[in-house]
Structures are given as structure tokens and as C-alpha cells.
S.K.: 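Sharing a structure below in C-alpha cells format, with a few things to ask.
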Amino acid sequence: MTISHFVKLFLFLAICSLFQCSEEIPNGGLLLPDGFKATIMVDSIKERVRHMAVTDDGILYGKLRESHDNAVIAIRDTDNDGSADEIEKFGGYGSKQHWSYSTAMRIYNGYIYFSSELVVYRYKLKPGSMLPDGDLEVVLTDDHEHGRHEHIGKPLAFDNKGYMYVPFGAPSNSCQDPKRTPGAPGLDPCPQLENHGGVWRFDANKLGQTQKDGVRYASGIRSVVAMDWNPVDENLYIVMHGRDDLLRLFPDRFTPWESALLPSEEFMRVTEGANFGWPYCYYDQIKGKKVLAPEYGGDGDIIGRCDQFEDPIVGFPGHWAPNDLVFYKGGQFPDRYKEGAFIAFHGSTNRGPYPQSGYIVGFVPFKDGKPSGDWEVFADGFAGVDPIESVNDALLRPMGIAFDKEGAMYISDSVKGRIWKITFNGDKNNFGKDQLAAMEKRKAATHIRTPDKINDNLAKDAASVGEAVYYTYCVNCHQKDGGGATGRFPPLINTDWVNGDKQRLINVILEGMEGAIQINGETYNGVMPQHGFLKDTDIANVLTYIRTNFGNKASAIEASEVAKQRAILEKLKTEKVLETEK
């Protein structure tokens with residue numbers, strides 16, 4: 001595809017996003033191998049669909065993100081033209097869903113299983129009906145104490161022996177103490193591994209379970225959203241979200257470029273008893289080896305204890321956010337896709353000061369239960385813009401993958417609430433090198449290729465010290481445009497947190513903040529790390545920068561104001577220690 005073609009497609013997508021002319025978008029707006037066709041099945045689902053599954057009679061079920069009254073959407077294409085003809089929503093669970101972070105939709109043994117952040121539910125399917133038969137049942141509840149748990153999703157996988165697999169994500173980035181504090185060491189041994197940072201196996205048919213009813217199946221796994229059972233070799237597979245903040249936490253050991261690319265999103269073959277080394281180690285896909293994490297003395301090269309842990313089968317670039325994994329068992333696609341793994345990469349938010357990356361559906365060919373080739377770009381064009389300087393620039397982001405009985409593919413989007421149906425209409429006997437070579441060229445796009453250390457650095461032209469500090473420490477979360485990321489990182493635009501009380505703003509930088517806050521009607525539940533390690537002048541400069549950019553017109557902050565507030569906080573801490581000692 002030429003640059004001019006890409007620009008035209010981007011403009012077409014932008015116009016259609018306003019007027020919902022979805023049926024007119026060429027090939028559903030996606031870039032696919034020649035012979036594949038994408039049709040927009042349904043567009044602009046208000047609540048947005050995360051993960052999906054399809055019954056044998058062709059009903060597509062999707063897990064809705066932003067709804068307590070309707071947790072599930074059911075969609076049917078009665079005339080098989082690729083567009084939805086019937087839509088039903090059902091399954092509210094009220095306040096049991098905390099943060100709209102649903103990460104599962106699977107069909108097993110006549111039930112649809114899905115999850116909120118802390119609970120796995122199921123409904124009995126009624127053949128031929130879009131609505132389930134019977135009441136909502138609770139299969140598993142995460143009964144741990146949860147404040148702001150960073151990796152709380154509950155994706156699901158089922159084997160052929162009646163077991164259900166559920167990860168319990170690690171409640172930190174790297175088991176630091178204090179958490180996310182620059183230079184702070186990691187706890188050793190990490191106590192979080194007792195009940196988190198791994199996958200547990202449960203009875204798939206038993207209701208009312210908690211973690212103690214399961215068996216720890218594997219450990220050393222930080223955060224999981226993409227997970228599937230491979231029926232060919234009868235093993236569990238995971239694509240893990242790697243850790244973050246190499247630059248912010250250890251600026252003396254890692255460059256901005258290294259922090260943007262590392263560590264790998266690890267594609268793991270998970271056997272019983274396996275340990276993949278979190279938090280002590282991470283996989284460096286550039287060096288092709290697992291190295292010691294800086295919290296445990298690593299510098300990017302030291303291997304140390306990491307030779308005793310499992311390596312991934314594929315190391316993808318860092319921060320691509322693998323959010324679904326499904327093995328292809330159908331016959332609709334060319335034979336080379338049979339048994340292979342499709343992975344939805346939701347795309348990065350924290351690659352600053354370099355452009356964001358990912359936003360594709362990738363494919364890894366398998367043969368006899370093992371990868372048989374390098375990873376490929378199967379579907380691209382979701383973002384509609386390249387480079388992607390801020391996550392909010394992306395028009396669409398792939399989230400979930402599902403296949404029907406014949407092998408047609410469905411992909412969901414988390415931004416506009418779109419679902420595509422993808423079929424193969426070409427010649428299966430002549431599908432091969434030419435079609436794959438055309439998609440291989442997509443790897444040269446800015447949002448896929450390895451960025452140039454100098455030319456792709458968005459901070460190279462920073463006009464002030466404050467802007468340079470922003471690109472180094474703030475842009476990963478709050479983005480180049482100050483717009484943040486939905487539900488995770490709050491925006492810096494038109495908010496009293498930025499434009500209001502100076503003292504409160506300085507305190508947030510010095511001490512950090514954790515927990516839910518509301519900004520302009522939207523709830524953000526994240527962790528703002530403390531940045532008290534910065535000099536008073538750097539803090540004053542970066543706060544002045546954000547208060548006078550992104551449409552903000554607040555007054556500057558002086559280094560003397562930061563120093564004064566730092567002294568007040570230090571005094572309070574000292575008084576608290578003295579009071580405790582009494």
C-alpha cells in the first residue's frame with residue numbers, strides 16, 4: 001500500500017467514524033493479506049466489546065466493557081452477509097464489577113464463561129436462542145484484599161480434562177519496596193508470588209470457588225490478558241505483558257530507547273510447574289536471552305539467577321499489550337494458518353519519548369504444536385495513522401479474537417466498539433510467498449519497526465527544560481498530547497488538578513498518588529509514582545510546562561515553591577516517625 005493510499009484510507013476512516021458509514025469502508029478499513037476480506041459486522045457499540053466467543057450455531061457473544069447493567073452482547077448474522085441482523089444485551093452484575101476491566105469470554109461445555117476484574121461468571125446456553133437459559137452463576141471469586149491492583153484481569157482457558165485456568169496477576173510492576181520508587185530494590189524473595197504472579201488451575205464445573213480451591217499451575221508470570229489452550233499439543237499458552245519503567249526507575253542503567261523497546265512481551269508455552277522468573281528476570285528480545293531485573297542488581301546484561309527460569313518461545317517487542325490469543329482450528333483460511341496462533345496487540349501507551357507501537361493482529365505459524373516460523377503481521381490499519389505519537393491518536397485498537405465453526409475470524413475494537421468478520425475468498429492453492437511478502441513490508445511502518453534512536457525520538461526538539469523533563473518522565477502515561485489513556489492515566493487538559501492549587505500539584509509530584517479519582521466525569525484508577533528524586537528546578541520546570549501547554553493557561557511554578565513544600569513534607573514525616581517511636 002502506497003503512502004497516498006494510506007492517507008486516503010485514514011481520511012475515509014475519519015469521515016466514517018463521524019457519520020457511521022461503516023458499510024462503505026473498503027475492506028473494513030483493515031490491511032490484510034491478499035485474498036482475505038473484512039466486513040464490519042457491527043459498529044459503534046456504546047459499551048465497547050473486549051473479548052468474544054462464537055457458538056456452533058453462529059451466535060457471537062462479546063464481553064462488554066463499560067456496563068454494569070448489561071455484561072454481555074449477543075450478535076447474530078441471519079443471512080450470512082457479514083453484518084449483524086440481531087443484537088441482544090443481558091447479564092448485569094451491578095457493583096461486583098469494579099473498574100470495567102473485563103478480560104474473558106469463552107464457551108465451554110454448554111456455558112458461556114466471562115469475567116469482571118474479580119469474579120468469573122457463567123450462563124447456561126440455550127441452543128438456537130441468543131439469550132441464556134437460567135440465572136447468572138458465580139464460578140470463581142478473587143477474595144484477596146485489593147486496593148489499586150495493577151494486573152487484576154481474569155482471562156480464562158479450558159483444557160480437555162475439565163479444568164479451567166485463571167491467572168492471578170502480580171500486584172506490582174516488579175515487587176519493589178517502596179513500590180515504583182526510583183532505585184528501590186525488589187523484595188527477595190518476593191512475597192507476592194505466594195498468591196499472585198502465576199496461573200492457577202480449577203475445576204471448570206464447580207461453582208463458588210476461591211483461589212484456595214485451585215492448584216498453582218505455573219509461576220513467575222507478571223500480567224496476563226492473552227491466554228488459550230492449544231488442543232494440538234494439549235498445553236496452555238500465554239502472551240505476557242512485560243514490566244515497565246526501566247528508564248524512570250533506573251535512569252543510570254537504561255536509555256530512553258532501551259526503555260521503549262524492553263522488556264519483551266513473552267509468548268510462553270506453560271507447562272505444570274513452570275517458572276518464568278518474574279520479578280527477578282525479564283526477557284530481552286534484542287539480545288535473545290533472559291537477564292536480571294535492575295531491582296535485583298541487573299544492568300541489562302547480567303544473567304545471574306535467570307538461567308534457571310523458562311524462556312519464551314517468541315519474544316515480541318516491549319509494551320505492545322497482547323490482549324488476546326487464539327489458536328486457529330478452522331478450515332476457512334489457507335492451510336498454513338491451521339494450528340497457528342493469532343494474537344491481538346492492543347498497542348502501547350508507554351513508549352515515550354518514542355512513538356507508540358503495536359496496534360496489530362499478529363500471527364505465529366505452528367506445526368505439530370511448535371512454532372514453525374517467525375511472527376507475521378496479519379491485520380494492520382487499526383490506528384489509521386502512522387506514526388502514533390499518542391495513544392489517543394489511534395482511531396481503533398484491536399482487542400479480542402474469535403472464530404466460528406467454519407473458521408471465519410472476528411476481531412473487536414476497544415475505541416469505537418467495532419467488530420469485523422474476516423473471511424478468505426482467494427485461491428487457497430496459490431496462497432503463499434507473494435501475499436506474505438506484502439504483509440512483511442508492513443513491518444517497516446513506524447508503529448511496528450524498531451525506532452531509530454535519534455530520528456524517531458520525539459523529545460529531540462524539546463524547546464524547554466520543562467518539556468524535556470516531561471518527555472523523560474511523564475509522557476509514557478500522560479502522552480505527548482497530555483490526553484492520558486482512558487481509565488488508566490488521567491489527562492492534563494482542562495482539569496483543576498493541573499490548573500488549580502499549586503501545593504496539591506507539587507505534593508502529587510513529590511509523593512505520588514494511588515487510587516481512584518474522577519476527572520471530567522471519567523474515573524481513573526491508577527498509580528502516580530512519586531518523583532521526589534527530581535531536583536526542585538526540574539519539578540518547577542515540568543509543572544510550569546504542563547500548566548502552560550495542552551490548552552492550559554495557569555501561572556508558572558517556581559523552584560522556591562517546590563523547595564518550600566518539600567520541606568513541609570519532610571517535617572511532617574519526621575514528626576510522624578518521632579510520634580511512632582514514643
Side-chain angles (χ1 to χ4, degrees), residues 148 180-182 245 247-249 251 256 349-350 352-353 356 389-393 457-576:
R148 169 57 175 95
R180 290 188 182 268
T181 299
D245 288 340
L247 172 65
R248 193 189 68 78
L249 296 176
T349 61
N350 54 355
Q356 303 304 331
E389 294 189 354
S390 296
V391 64
N392 300 309
D393 295 339
N457 188 332
L458 299 175
K460 69 180 184 299
D461 297 322
S464 68
V465 174
E467 185 175 7
V469 174
Y470 182 84
Y471 272 105
T472 302
Y473 297 105
C474 312
V475 74
N476 275 341
C477 296
H478 298 293
Q479 302 298 295
K480 182 176 183 287
D481 61 359
T486 301
R488 299 180 63 198
F489 308 125
L492 305 176
I493 303 167
N494 189 30
T495 167
D496 186 61
W497 283 91
V498 171
N499 297 317
D501 184 1
K502 289 184 178 182
Q503 179 177 311
R504 181 178 65 175
L505 182 59
I506 294 170
N507 283 352
V508 170
I509 297 295
L510 291 174
E511 295 207 306
M513 187 170 67
E514 185 170 347
I517 61 172
Q518 274 214 340
I519 294 180
N520 299 329
E522 182 170 353
T523 299
Y524 295 86
N525 203 314
V527 175
M528 167 66 188
Q530 61 87 8
H531 287 70
F533 59 91
L534 292 174
K535 298 177 182 178
D536 293 342
T537 52
D538 286 338
I539 292 175
N541 283 325
V542 74
L543 292 183
T544 297
Y545 174 75
I546 68 172
R547 283 166 64 88
T548 56
N549 283 275
F550 315 125
N552 300 324
K553 297 180 180 180
S555 60
I557 288 180
E558 303 295 334
S560 58
E561 295 176 283
V562 178
K564 179 180 178 180
Q565 196 55 35
R566 191 192 294 269
I568 291 172
L569 292 175
E570 289 297 327
K571 182 180 179 182
L572 290 173
K573 289 178 184 177
T574 301
E575 290 175 350
K576 186 175 181 180

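Sequence positions, counted from 1, serve as the residue numbers for this chain.
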S.K.: Residues in side-chain hydrogen bond (donor to acceptor under 3.5 Å, both in side chains) with Asp536, at least two apart?
M.R.: Arg566

S.K.: Less than 4.5 Å apart, side chain to side chain, heavy atoms only: is that true for Gln503 and Lys564?
M.R.: no

S.K.: Do any pairs count as a ring-ring contact (aromatic ring centres under 6.0 Å, His included) and have a residue in residues 485-512, sequence neighbours left out, and if so which ones?
M.R.: none

S.K.: Please identify each residue that fulfils side-chain hydrogen bond (donor to acceptor under 3.5 Å, both in side chains) with Gln530, with sequence neighbours left out.
M.R.: none

S.K.: CD1 of Ile493 to CG of Asn499: how many Å apart, nearest 0.5 Å?
M.R.: 10.5 Å

S.K.: Could you point out which residue of Ile539, Asn541, Ile509 forms a side-chain contact (heavy atoms from CB on, under 4.5 Å) with Val562?
M.R.: Ile539

S.K.: From Asn507 CG over to Gln565 CD, what is the distance, rounded to the nearest 0.5 angstrom?
M.R.: 4.0 Å

S.K.: Who pairs with Glu558 by salt bridge (Lys or Arg N to Asp or Glu O under 4.0 Å), at least two apart in sequence or on another chain?
M.R.: none

S.K.: Residues two or more places apart in sequence or in another chain: which of them pass salt bridge (Lys or Arg N to Asp or Glu O under 4.0 Å) with Glu389?
M.R.: Lys480

S.K.: Just to verify, what does Pro490 make a side chain to side chain contact (heavy atoms under 4.5 Å, CB included) with, not counting sequence neighbours?
M.R.: His478, Ile517, Ile519, Tyr524

S.K.: For Asn549, enumerate each residue passing the side-chain hydrogen bond (donor to acceptor under 3.5 Å, both in side chains) test, keeping only those at least two apart in sequence or located in another chain.
M.R.: none

S.K.: Excluding sequence neighbours, so at least two apart, what forms side chain to side chain contact (heavy atoms under 4.5 Å, CB included) with Asp461?
M.R.: none

S.K.: By ring pair (Phe, Tyr, Trp, His ring centres under 6.0 Å), which residues pair with Tyr545, not counting sequence neighbours?
M.R.: Tyr470, Phe550

S.K.: If the condition is side chain to side chain contact (heavy atoms under 4.5 Å, CB included), which residues does Lys573 pass it with, not counting sequence neighbours?
M.R.: Glu511, Glu570

S.K.: Please name all residues satisfying side-chain hydrogen bond (donor to acceptor under 3.5 Å, both in side chains) with Asp245, sequence neighbours left out, ordered by chain then number.
M.R.: Arg180

